[in-house]
Amino acid sequence: MEPFVSDVYLGSLLAGVDEAGRGPLAGEVVAAAVILDPNNPIEGLADSKKLSEKKREALFDEIKQKALSYAIASASVAEIDELNILHASMLAMSRAVAALDVAPEHALIDGNRIPKALICPAEAVVKGDARHQAISAASILAKVSRDRDIVAYGQQNPQYGFEKHKGYPTAVHLQALKDHGLTPLHRRSFGPVKRIIEGS
């Protein structure tokens with residue numbers, strides 16, 4: 001896949017932005033924004049979904065150490081249920097960009113949509129997490145952060161198996177919902193959860 005190079009912005013205060021957690025039935029949607037330091041390169045950046053958990057964890061720490069600026073933000077389960085997952089994802093991404101302690105001059109957003117509330121100009125980059133290092137870095141921060149959060153929650157609610165499925169709609173997760181009911185972490189607007197609420 002061709003690496004992405006913006007023909008709009010050629011400076012260095014460029015934020016890559018991505019989110020994690022659109023598909024699960026439970027948990028917040030988490031977004032990250034990263035401005036990489038061109039003088040402090042990071043080897044091995046790639047789409048977080050294609051990296052092992054061990055590699056993601058190592059890169060998570062390295063990104064935080066070497067990036068010029070980074071921020072992690074989220075949209076709550078209540079916001080997901082109120083706004084829908086797409087708009088909640090956009091909200092989380094705009095919050096991550098706004099939270100950067102170095103103001104970005106431009107942002108590259110993974111996907112085909114740009115959040116409306118961004119504080120800077122932006123471009124959408126389809127499959128950006130595999131095409132631009134700053135977006136790859138953001139995807140790693142978002143995924144590791146979200147996974148850690150839901151695993152920690154699962155330790156308090158071991159009957160749901162969150163450490164294994166991370167909230168995704170696996171057979172084990174759906175059976176646990178039927179057996180034990182919903183937690184405050186579950187997204188009540190999502191079809192499989194809604195069907196359990198309705199008893200179907």
Side-chain angles (χ1 to χ4, degrees), residues 15-35 47-49 56 60 63 69-100 104 106-130 132 134-154 156-157 160 162-163 165-170 173-174 176-177 181-198:
V17 188
D18 200 2
E19 52 71 33
R22 284 197 192 190
L25 305 180
E28 297 183 334
V29 61
V30 177
V34 179
I35 302 175
D47 175 0
S48 64
K49 296 182 289 296
R56 284 197 300 267
F60 181 87
I63 291 162
S69 183
Y70 74 89
I72 300 169
S74 63
S76 68
V77 172
E79 288 171 325
I80 292 169
D81 286 340
E82 179 185 352
L83 301 173
N84 78 37
I85 187 60
L86 173 62
H87 289 104
S89 298
M90 296 291 116
L91 178 61
M93 288 194 281
S94 65
R95 284 172 174 167
V97 174
L100 289 165
H106 197 74
L108 299 180
I109 312 296
D110 183 59
N112 61 3
R113 294 172 182 262
I114 296 172
K116 292 179 180 177
L118 285 182
I119 60 171
C120 64
E123 294 171 81
V125 184
V126 175
K127 299 191 183 298
D129 47 8
H132 195 282
I135 302 177
S136 300
S139 78
I140 291 165
L141 292 193
K143 178 159 179 56
V144 171
S145 181
R146 185 195 175 275
D147 284 355
R148 287 179 178 179
D149 287 347
I150 202 158
V151 167
Y153 187 85
Q156 300 165 8
N157 299 270
Y160 291 90
F162 282 121
E163 73 284 353
H165 54 66
K166 307 294 193 300
Y168 283 87
T170 64
H173 189 187
L174 293 173
L177 275 172
L182 307 184
T183 73
L185 212 63
H186 282 98
R187 303 170 179 178
R188 284 154 172 75
S189 59
F190 275 44
V193 179
K194 195 182 294 185
R195 285 191 289 275
I196 286 169
I197 293 171
E198 294 166 353

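These numbers come from the heavy atoms of this one structure, side chains and all, not from hydrogens, waters or symmetry mates. What you see is a predicted model, and the numbers here were worked out from it, not measured in a lab.
- Contact annotation: the side chain of Ile119 approaches that of Pro104 to within less than 4.5 Å [non-hydrogen atoms, C-beta and beyond].
- Here Arg195 contributes atom CZ and Leu177 contributes atom CG; the two are 11.5 Å apart, rounded to the nearest 0.5 Å.
- Lys143 contributes atom NZ, which lies 11.0 Å from atom CD of Glu19 (distance to the nearest 0.5 angstrom).
- Using a 4.5 Å heavy-atom cutoff, the side chains of Pro192 and Ile196 are not in contact.
- Distance CD1/Ile85 to CD/Glu79: 10.5 Å, rounded to 0.5 Å.
- The pair Lys49-Asp129 meets the salt-bridge criterion, since a charged nitrogen lies less than 4.0 angstrom from a carboxylate oxygen.
- Remark: Arg113 CZ is loosely packed, at most 12 non-hydrogen atoms of other residues, nucleotides or ligands lying under 6.0 Å away.
- Looking only at side-chain heavy atoms (C-beta outward), His106 and Glu123 come within less than 4.5 Å of each other.
- Under the 4.5 Å side-chain criterion, counting only non-hydrogen atoms from C-beta, Leu118 is in contact with Ile109.
- Around the OH atom of Tyr160, the shell of radius 6.0 Å holds more than 12 heavy atoms that belong to other residues, nucleotides or ligands.
- When all heavy atoms of Ala122 and Ile114 are compared, the pair lying nearest together is O-CD1, 3.4 Å.
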Apply side-chain contact (heavy atoms from CB on, under 4.5 Å) to the pair Val125 and His132, showing each step before the final yes or no.
CA-CA 9 Å; Val125 184; His132 195 282; 5.6 Å; no
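- The closest donor-acceptor contact from the side chain of Arg146 to the backbone of Lys166 lies under 3.5 Å.
- Here the closest heavy-atom approach between residue Val97 and residue Val17 is recorded as CG2-CG2, 3.5 Å.
- Counting heavy atoms from C-beta outward, Val77 and His186 have side chains that stay 4.5 Å or more apart.
- The shortest distance between side-chain heavy atoms of Leu25 and Arg187 does not fall below 4.5 Å.
- The aromatic rings of His173 and Phe162 sit perpendicular, their planes meeting at an angle over 60°, well past the 30° parallel limit.
- The nearest pair of heavy atoms linking Leu91 to Ala75 is CD2-CB, 4.5 Å.
- Rounding to the nearest 0.5 Å places CZ of Phe60 at 4.5 Å from CD1 of Ile72.
- A side chain to side chain contact (heavy atoms under 4.5 Å, CB included) with Ser145 is found for exactly one of Ile140, Val30, Ile150, namely Val30.
- Closest approach of Met93 and Pro115 over heavy atoms only: CB-CG, 4.0 Å.
- Atom CD1 of Ile80 is separated from atom CZ of Arg188 by 12.0 Å, given to the nearest 0.5 angstrom.
- When all heavy atoms of Val29 and Ala92 are compared, the pair lying nearest together is O-CB, 3.9 Å.
- At a cut-off of 3.5 Å, with distance as the only test, no side-chain donor of Glu82 or His87 sits close to an acceptor on the other residue.
- In this structure, Ser139 contributes its side chain and Ser48 its backbone to a donor-acceptor pair below 3.5 Å.
- In terms of modelled atom types and a separation under 3.5 Å, the side chain of Asp81 and the main chain of Ser189 share a donor-acceptor contact.
- What you find for Lys127 and Asp110 is that their closest heavy atoms are C-OD1, 3.6 Å.
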What do the steps show when you test Leu185 against Glu28 for side-chain contact (heavy atoms from CB on, under 4.5 Å), and what is the final call?
CA-CA 8 Å; Leu185 212 63; Glu28 297 183 334; 5.8 Å; no
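- Distance check, rounded to the nearest 0.5 Å: NZ of Lys116 to OG of Ser94 gives 11.5 Å.
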